[in-house]
There are 2 protein chains.
Amino acid sequence: MSDLGAQLRARGKRLTTQRERVLAAVGRLGHATPDEITDSVGDDGGAALPVSTVYRSLDALQELGLVGHTHVDHRSPSYHLAEHATHLHVVCRGCGWVGEVPLQMADELVARVDDQLGFAADVSHAAVHGLCRTCREAL
Amino acid sequence: MSDLGAQLRARGKRLTTQRERVLAAVGRLGHATPDEITDSVGDDGGAALPVSTVYRSLDALQELGLVGHTHVDHRSPSYHLAEHATHLHVVCRGCGWVGEVPLQMADELVARVDDQLGFAADVSHAAVHGLCRTCREAL
DNA sequence: CTACGTGCAAAGATTTTGCATCTTG
DNA sequence: CAAGATGCAAAATCTTTGCACGTAG
């Protein structure tokens with residue numbers, strides 16, 4: 001993936017195995033916390049990485065716009081590939097279930113916010129809380 | 001505010017000055033982190049409260065549904081009165097500005113999510129990221 | 001070579017917990 | 001009184017930082 005290298009270089013940064021491995025781990029996991037990513041990095045057969053490197057790599061990759069993150073629960077942000085950010089999250093307060101919803105469902109909201117505030121909303125980084133079908137019926 | 005007492009008692013909890021003061025502080029501040037709330041509690045002339053009590057009070061008040069919280073930035077949740085939750089937040093990635101948007105703007109999103117997933121979304125607890133008018137034009 | 005990045009360990013920041021003591025109901 | 005809450009300080013989490021050494025370009 002020399003493309004990654006090019007993007008990094010364009011920003012005065014460098015391509016390192018660590019960054020490649022962190023990016024790969026994020027891709028493998030879909031959505032994951034820094035902690036989960038750290039655990040997963042070793043799954044490619046290579047050596048484990050210190051958490052600090054994972055954090056710094058995520059920062060770098062985020063600066064390039066390759067990954068993004070959302071706050072699904074109280075603690076720990078959840079990282080995902082930017083290209084995978086074609087949805088927003090719904091998080092159940094009852095059971096913790098996390099679902100994905102196509103961005104288009106929020107089109108109207110985005111349009112209205114733009115209209116009234118001139119605010120360019122990026123809904124793909126949003127988490128909406130509520131109750132899933134099951135927990136809702138359980139009440 | 002005997003109502004607060006009644007609600008607490010109904011849950012097997014008790015009414016204490018600390019809880020009243022934390023609730024009052026949240027009301028005064030509108031939106032605030034546990035830290036800011038701790039600082040503000042003293043503003044009513046009373047003694048300061050230990051952070052742990054503030055956290056426990058917020059938990060209790062949240063359990064009663066009197067306060068809620070959102071994750072505006074990386075660290076620290078922001079608490080607000082539930083009755084004040086008539087809006088959702090838009091957070092500017094550029095300057096950190098936080099705006100409020102009437103819930104109705106998300107009505108369609110809520111309806112669609114309900115329709116397709118049976119998920120009861122509570123958008124008042126949501127933070128949508130993006131760029132405010134100013135930062136947007138600055139690009 | 002010369003930045004920039006990595007490892008490691010220590011420091012920060014934030015939240016939670018154990019326990020003796022005090023209060024509410 | 002008895003069940004809960006509080007205070008305080010210590011522990012647990014989660015993230016960031018300093019610094020000497022390694023390495024991409």
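In what follows, every chain begins at residue 1, and chains take the letters A, B, ... in the order their sequences are listed.
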When you measure from the side chain of A:Arg112 to the backbone N and O of B:Gln104, does any donor-acceptor pair fall under 3.5 Å?
yes

Using a cut-off of less than 4.0 Å, is there contact between a side-chain N or O of B:Arg56 and OP1 or OP2 of D:dT6?
no

Strictly under 6.0 Å, is that where the ring centroids of B:His125 and A:His129 end up?
no

CD of A:Gln7 versus C1' of D:dA24: gap in Å, rounded?
17 Å

Nearest-nucleotide 5' precedence on DNA chain C, B:Ser76 against A:Ser57
A:Ser57

C:dT16, C:dA3, D:dT15: which one has an atom nearest the side-chain heavy atoms of A:Tyr55?
D:dT15

Does A:Gln18 place a side-chain N or O at less than 4.0 Å from the phosphate oxygens OP1/OP2 of C:dG7?
yes

C:dT6 P sits how many Å from A:Lys13 NZ, rounded?
10 Å

In whole angstrom, give the distance that lies between atom CG of B:Asp35 and atom C1' of C:dG12.
13 Å

Just to confirm, is there a sub-4.0 Å distance from OP1 or OP2 of C:dG5 to any side-chain nitrogen or oxygen of A:Arg19?
yes

To the nearest angstrom, the NE2-P distance between B:His71 and D:dC14 comes to 14 Å

Side chain of B:Leu49 only, please: which of D:dG7, C:dT15, C:dT23 is the nearest?
D:dG7

Keeping B:Arg21 on the side-chain end and B:Val41 on the backbone end, is there a donor-acceptor pair under 3.5 Å?
yes

Pick out which of B:Asp39, B:Val26, B:Thr38 makes a side-chain contact (heavy atoms from CB on, under 4.5 Å) with B:Val54.
B:Thr38

Do A:Leu64 and A:Leu8 come close enough that some side-chain heavy atom pair is under 4.5 Å?
yes

By nearest nucleotide on DNA chain D, pick out whichever of B:Gly12 and B:Pro50 is the more 5' one.
B:Gly12

What integer distance in Å separates B:Leu58:CG from C:dT16:P?
10 Å

For A:Arg14 and D:dG25, give me the distance from atom CZ to atom P, rounded to whole Å.
7 Å

For D:dT6, take OP1 and OP2 only and decide whether either is under 4.0 Å from a side-chain N or O of B:Thr16.
yes

Taking for each residue the nucleotide of DNA chain D bearing the nearest heavy atom, is the 5' side occupied by A:Asp59 or by B:Ser52?
B:Ser52

Between A:Thr53 and C:dG7, does any side-chain N or O lie under 4.0 Å from OP1 or OP2?
yes

Tell me the interatomic distance from A:Ile37, atom CD1, to D:dC14, atom P, rounded to whole angstroms.
14 Å

CG of B:Leu23 versus P of D:dA5: gap in Å, rounded?
16 Å

